[in-house]
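Working notes for the structure below.
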Amino acid sequence: MPAGADADENSVRPHHQAPRPEPAQAAVSQYQCRDAWVVVAHGEYDMGTIAPLVDALTNATSKHSKVVLDTSGVSFADSSFLNVIIVAHKATTLYVVGPTAQLRRLFEISGVDALLRVRATVEEAVAS
């Protein structure tokens, strides 16, 4: 170790590396809108954060014939999110509202874009 260098090499971090931002907390809210049940998803969804959305959609699809999933607040989603949507789609009439560019790409790559009923707004989905 050079003279004057007393830092542990594992603790050295380049000065230009910014700290990694915290992921957006996953959150779910729900409400009735005319004849549809609306589930609103916010944040990042992966295997570690998907459980509240699974619970909400499982409950919604078991009780309502029309479910609207508002995804406009989803900042990240992986295959676990996609799986939940497919299961909900099979269980009831599901509309996916406001998917972000990342979600639209995920739907396109997986091929479910041809399967899902995608709408721009909750109002449009409820009126369908």
Side-chain angles (χ1 to χ4, degrees):
M1 183 176 272
D6 54 348
D8 182 308
E9 68 180 283
N10 293 328
S11 67
V12 176
R13 188 162 129 199
H15 294 289
H16 66 278
Q17 185 178 6
R20 185 177 174 170
E22 291 295 318
Q25 188 72 19
V28 177
S29 58
Q30 305 174 58
Y31 62 93
Q32 181 81 36
C33 185
R34 294 196 297 260
D35 68 335
W37 188 254
V38 181
V39 177
V40 184
H42 293 280
E44 297 184 1
Y45 290 91
D46 60 22
M47 228 168 79
T49 60
I50 198 74
L53 184 60
V54 170
D55 293 344
L57 284 174
T58 300
N59 188 40
T61 59
S62 70
K63 296 178 180 176
H64 303 279
S65 60
K66 186 177 192 179
V67 175
V68 176
L69 175 60
D70 184 346
T71 63
S72 60
V74 175
S75 55
F76 172 80
D78 68 3
S79 59
S80 58
F81 184 87
L82 189 61
N83 184 56
V84 170
I85 290 177
I86 293 168
V87 169
H89 171 79
K90 289 179 179 180
T92 193
T93 301
L94 177 72
Y95 289 88
V96 178
V97 170
T100 61
Q102 189 262 332
L103 282 181
R104 285 192 309 270
R105 181 72 177 134
L106 180 64
F107 298 162
E108 181 184 321
I109 290 170
S110 64
V112 301
D113 58 336
L115 176 73
L116 297 176
R117 295 173 189 92
V118 178
R119 301 293 186 268
T121 66
V122 171
E123 294 77 20
E124 186 181 325
V126 170
S128 295

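Residue numbers start at 1 and run along the sequence shown. Atom set for the values below is all heavy atoms of this structure, side chains included, hydrogens, waters and symmetry mates excluded. Treat the numbers as computed from the prediction; the structure is a model and nothing was measured.
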Linking I/L/V/M/F/W/Y whenever any side-chain heavy atoms sit under 4.5 Å apart, do [X] and [Y] land together?
{"X": "Leu69", "Y": "Val40", "result": "no"}
{"X": "Ile86", "Y": "Val68", "result": "no"}
{"X": "Phe76", "Y": "Val112", "result": "no"}

Would you give me the side-chain donor-acceptor pairs under 3.5 Å for residues 96-106, sequence neighbours excluded?
residue, atom, partner, partner atom, Å
Thr100, OG1, Leu103, N, 3.3
Gln102, OE1, Ala77, N, 3.1
Gln102, NE2, Ala77, O, 2.9
Arg104, NH1, Pro99, O, 2.7
Arg105, NH1, Glu108, OE2, 3.1

Do the side-chain N and O atoms of Trp37 and Gln32 include a donor-acceptor pair separated by under 3.5 angstrom?
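Per modelled atom types, Trp37 and Gln32 side chains form no pair under 3.5 Å.
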Under a 4.5 Å cut-off applied to non-hydrogen side-chain atoms, are [X] and [Y] in contact?
{"X": "Phe107", "Y": "Leu116", "answer": "yes"}
{"X": "Ile85", "Y": "Leu94", "answer": "yes"}
{"X": "Asp35", "Y": "Val126", "answer": "yes"}
{"X": "Tyr45", "Y": "Val84", "answer": "no"}

Can you give the donor-acceptor pairs under 3.5 Å from side chains of residues 46-60 to other protein atoms, not counting sequence neighbours?
residue, atom, partner, partner atom, Å
Asp46, OD1, Gly48, N, 2.9
Asp46, OD1, Thr49, N, 3.2
Asp46, OD1, Thr49, OG1, 3.4
Thr49, OG1, Glu44, O, 2.9
Thr49, OG1, Asp46, N, 3.0
Thr58, OG1, Val54, O, 2.7
Asn59, OD1, Lys63, NZ, 3.1

Can you name the residues that form a salt bridge (Lys or Arg N to Asp or Glu O under 4.0 Å) with Arg117, not counting sequence neighbours?
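Partners of Arg117 under the salt bridge (Lys or Arg N to Asp or Glu O under 4.0 Å) test: none.
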Run the salt bridge (Lys or Arg N to Asp or Glu O under 4.0 Å) test against Glu124 and tell me which residues pass, sequence neighbours left out.
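With neighbours one apart ignored, the set is empty.
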Asp113 vs Val118, test: side-chain contact (heavy atoms from CB on, under 4.5 Å). Steps then yes/no.
CA-CA 8 Å; Asp113 58 336; Val118 178; over 6 Å; no
By side chain to side chain contact (heavy atoms under 4.5 Å, CB included), which residues pair with Ser128, not counting sequence neighbours?
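Result, side chain to side chain contact (heavy atoms under 4.5 Å, CB included) vs Ser128: Tyr95, Arg119.
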Pairs where residues 84-93 contributes a residue and the test side-chain hydrogen bond (donor to acceptor under 3.5 Å, both in side chains) is met, not counting sequence neighbours
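Qualifying pairs: none.
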